[in-house]
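Input: a single structure, listed below in structure tokens.
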Amino acid sequence: MNYFSTRDDTLRRTASEAILQGISEEGGLFVPESFPSVDLAALMQLDYCTLAAKLLGLYLTDYSESFLLEAAQKAYGADRFAGKNAHLAKLEDGLYSMELWHGPTCAFKDYALQLMPLLLTEAKRINHDKTKTAILVATSGDTGKAALEGYRDLPGIEIAVFYPDHGTSEMQRLQMATQEGKNVHVFAVEGNFDDAQTGVKRVFTDAAFAAECAAVGKRLTSANSINWGRLAPQIVYYFAGYFQLVRAGALSLGDPADFCVPTGNFGDILAGYYAKQMGLPIRRLICASNRNNVLSDFGASGVYDANRPFYKTASPSMDILVSSNLERLLYHESGSAAQVSRLMASLSSTKRYQIPADLREKIAETFGFGYTDEDRCMAEIARTWKDDHYLADPHTAVALSVARAGRRDGIPCVALSTASPYKFPGAVLHALGGSVSGDDFADLALLEQLTGAPAPKVLRELRDKKIRFEEQIEPEQILAVARAL
Ligand SMILES: *Cc1c(COP(=O)(O)O)cnc(C)c1O
């Protein structure tokens with residue numbers, strides 16, 4: 001399987017080259033040249049690790065089968081996700097929550113970031129790449145921690161994470177500030193997430209610094225979801241979730257199911273699109289946004305317009321106005337790199353583009369779009385607890401709310417549950433009508449009392465963990481940090 005760019009379909013890369021390179025030289029994203037098809041009945045027999053190795057092997061054809069199986073076992077073995085890979089919880093007839101947060105950092109990003117570092121290290125070996133890899137990550141919370149856990153203590157790799165000072169939840173800050181490992185670095189950046197992100201981007205596009213890195217055998221790379229190596233592992237849990245529906249008798253193999261995905265950068269939901277193209281019987285993929293509803297407006301009008309106010313919400317990992325991975329969908333559905341190039345040029349100059357009506361209709365055959373404002377998100381957390389005795393975090397609640405609003409027929413719908421509710425104790429406690437103290441650990445304890453269910457150990461233990469990183473820097477200092485890696 002080879003890969004080309006959404007903006008240049010004449011170039012060819014192997015899978016390992018695409019993973020090493022991350023983003024194509026003209027700014028496009030790497031896409032596979034075809035969608036491999038699968039034998040569902042055979043796949044249904046496999047445990048999660050073997051299923052992952054099998055599906056990834058169809059895309060990562062220059063990696064050996066034995067490497068992929070070993071990597072999947074390291075990433076998803078019993079001690080990593082509490083034996084609950086893609087665990088499906090039934091809320092009511094036909095509505096399910098697929099829990100993707102039993103991993104080491106309590107967010108679904110672990111599915112990608114536990115595996116991706118192993119794929120990157122192997123890509124370096126396959127391509128005889130002896131450079132040192134320096135990973136720079138700007139994060140509003142979940143990505144930073146998941147990347148730190150994934151890359152810690154890997155040889156030949158240094159990772160620095162930059163989060164906005166006062167811009168994350170206390171739980172998220174402590175997760176990063178207490179990070180263990182010899183090759184990890186964490187900084188609080190003055191300003192908001194955009195300031196951190198802009199500071200990191202400036203380093204990536206600094207030509208003089210790039211030359212400096214090349215001269216010393218260092219390669220800069222990012223850990224965000226535009227890398228194919230981060231996207232591909234997410235295809236697996238759609239299969240695993242569907243097979244559980246079949247095993248539970250909710251449908252017969254081959255019958256359709258819907259998936260509703262709380263969406264930010266459009267990576268998670270796009271993995272579902274690949275699963276569907278490979279033959280998984282998905283009827284609709286429902287894109288659920290929070291108040292930053294640029295995607296649901298796009299679904300309705302065909303106009304993608306990022307010129308709008310940015311809202312901070314209770315689901316911060318979805319507070320995104322430019323959803324990078326949508327570019328891949330536009331390529332697959334239009335088949336035209338020239339058209340995608342024009343649209344992306346328009347996005348970068350005017351923060352806006354409009355797709356033709358026929359393309360919008362084609363997308364609407366598979367994708368539904370909806371959004372949930374803050375009040376409905378809170379009401380959904382309360383309702384799901386009261387009616388279904390199920391505790392949802394705000395991101396999951398956005399998906400559940402959109403999923404419930406859209407259900408009209410008997411087709412089962414799986415909402416992706418992307419974070420543990422205990423990662424956002426203040427917001428969840430508030431939704432349940434508890435009095436919020438402002439101290440995440442006090443709120444966590446109250447939440448445990450209220451629900452009678454214990455929080456994940458890794459979150460409870462944060463309180464007593466040693467703080468390793470407290471340094472605050474200005475965005476202008478990110479370059480100096482990168483230079484020292
Ligand atoms: C990152 C994230 C999302 C959004 O996923 P995308 O792939 O960016 O669409 C949703 N929920 C949580 C908890 C996240 O961390």
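Residue numbers start at 1 and run along the sequence shown. Keep in mind that this is a model prediction, so the values were computed, not measured. Read the numbers this way: they start at 1 and go in the same order the structure lists the ligands and their atoms.
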Notebook entry, point to check: Glu380 and Thr372: side-chain donor and acceptor closer than 3.5 Å?
Noted result: no
Worked verdict on His332 versus Phe35 for ring-ring contact (aromatic ring centres under 6.0 Å, His included): CA-CA 10 Å; His332 289 308; Phe35 303 116; 5.0 Å; yes
Open item on the list: Would Pro262 count as a contact residue for ligand 1, given that I'm defining contact as a non-hydrogen atom of the residue lying under 4.0 Å from a ligand atom?
Closed with: yes
Atom 9 (O) of ligand 1 sits nearest the protein heavy atom Gly264 N, 2.8 Å
Is the side chain of Thr6 donor-acceptor paired with the backbone N or O of Leu29 at a distance under 3.5 Å, no angle test?
-> yes
So the atoms of ligand 1 within less than 4.0 Å of a heavy atom of Asp142 turn out to be 13 (C), 14 (C), 15 (O)
Problem set entry | Test item: side-chain donor near acceptor, Tyr273 and Glu333, under 3.5 Å | yes
Of all protein heavy atoms, the one nearest atom 11 (N) of ligand 1 is Thr418 OG1, 2.8 Å
In this structure, atom 14 (C) of ligand 1 is nearest to the protein heavy atom Lys109 NZ, 2.8 Å
Discussion item. Under a 3.5 Å cutoff, is there a donor and acceptor pairing between the side chains of Arg328 and Asn325?
Written reply: yes
Quick note on ligand 1: atoms under 4.0 Å from a heavy atom of Ala419 include exactly 13 (C)
So, regarding Ile320 and ligand 1 (criterion: nitrogen or oxygen to nitrogen or oxygen, under 3.5 Å), is there a contact or not?
no
- Does some side-chain heavy atom of Arg468 sit less than 4.5 Å from a side-chain heavy atom of Gln179? no
Nearest non-hydrogen protein atom to atom 6 (P) of ligand 1, with distance, is Asn265 N, 3.5 Å
| said: Geometry only, no angles: is Gly267 polar-contacting ligand 1 at N/O separations under 3.5 Å? | reply: yes
shortest atom 3 (C) of ligand 1-to-protein heavy-atom contact is with Phe108 CE2, 3.6 Å
Discussion item. With no hydrogens and no angle check, just 3.5 Å: does a side-chain donor-acceptor pair link Tyr237 and Asp268?
Written reply: yes
* To do: Take Trp228 and Tyr274, measure what ring-ring contact (aromatic ring centres under 6.0 Å, His included) needs, and give me the verdict at the end.
  => CA-CA 12 Å; Trp228 178 250; Tyr274 284 105; 5.1 Å; yes
For Thr263, the ligand 1 atoms with a heavy-atom partner under 4.0 Å come out as 9 (O)
The answer for which part of Phe266 has a heavy atom under 4.0 Å from ligand 1 is backbone
Exercise. For the residue pair Leu43 and Leu55, establish whether any side-chain heavy-atom pair is separated by less than 4.5 Å.
Key: yes
Quiz prompt | N or O pair under 3.5 Å between Asp268 and ligand 1 | solution = yes
